[in-house]
Amino acid sequence: MNHTEMLGRRSEILKRIIGNLIIKDNQFGLSEQENNCYKDMVKKFHRSNYELHASRKQV
């Protein structure tokens, strides 16, 4: 698995986790710890997408 594939896989996993947290937030609300985790996941997702875009641009 090369670096670009790894970044793509990471983005897919983060999307799934973020989607689950959004569903939980809409149904029940998030605790403070879950809210912090959600914000961290969104930051990681954006960073991963930025790196993925940059790595594809180099190739």
Side-chain angles (χ1 to χ4, degrees):
M1 177 180 274
N2 64 26
H3 185 67
T4 305
E5 292 171 343
M6 189 247 339
L7 288 172
R9 179 73 179 135
R10 183 186 301 165
S11 291
E12 292 299 319
I13 292 169
L14 288 169
K15 266 195 250 184
R16 191 176 329 121
I17 294 169
I18 290 169
N20 289 339
L21 286 170
I22 289 172
I23 290 170
K24 184 175 181 188
D25 186 30
N26 288 338
Q27 292 177 343
F28 310 110
L30 296 176
S31 68
E32 189 65 32
Q33 183 179 7
E34 289 171 326
N35 194 32
N36 289 336
C37 180
Y38 169 73
K39 289 178 184 179
D40 187 48
M41 292 291 172
V42 170
K43 289 177 187 176
K44 287 180 183 179
F45 176 72
H46 285 290
R47 187 178 329 122
S48 178
N49 278 345
Y50 176 78
E51 291 175 14
L52 181 61
H53 179 70
S55 70
R56 286 183 177 163
K57 198 173 181 181
Q58 289 176 350
V59 173

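What's counted below: heavy atoms across the whole structure, side chains too, no hydrogens, waters or symmetry copies.
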Between Lys15 and Glu12, is there a salt bridge with N-O shorter than 4.0 Å? yes
Applying the 4.5 Å side-chain criterion to the ILVMFWY set and letting contacts propagate, would Tyr50 and Val42 be lumped into a single cluster? no
Please report the shortest heavy-atom distance between Arg10 and Ser48, naming the atom on each side. CD-OG, 3.9 Å
Any chance you could measure Cys37, atom SG, to Glu32, atom CD, to the nearest 0.5 Å? 12.0 Å
Here the gap from Asp40 atom CG to Asn35 atom CG, rounded to the nearest 0.5 Å, amounts to 11.5 Å
Contact check, side chains of Ile13 and Ile17, non-hydrogen atoms, under 4.5 Å: yes
Hey, any chance Leu30 and Phe45 share a hydrophobic cluster, counting ILVMFWY side chains that come within less than 4.5 Å of each other, even indirectly? yes
Residue Gln33 excluded, over 12 heavy atoms near CD under 6.0 Å: no
For the atom pair NZ (Lys44) and NE2 (His46), what is the distance rounded to the nearest 0.5 Å? 14.0 Å
Answer yes or no: is there a side-chain heavy-atom contact under 4.5 Å between Asp25 and Tyr38? no
So, does Glu5 use its side chain to make a donor-acceptor pair with the main chain of Asn2 at under 3.5 Å? yes
Point-to-point distance, once rounded to the nearest 0.5 Å, from CD1 of Ile22 to CD of Gln27: 12.5 Å
Say you draw a straight line from CG of Leu52 to CZ of Arg47; how long is it, rounded to the nearest 0.5 Å? 14.0 Å
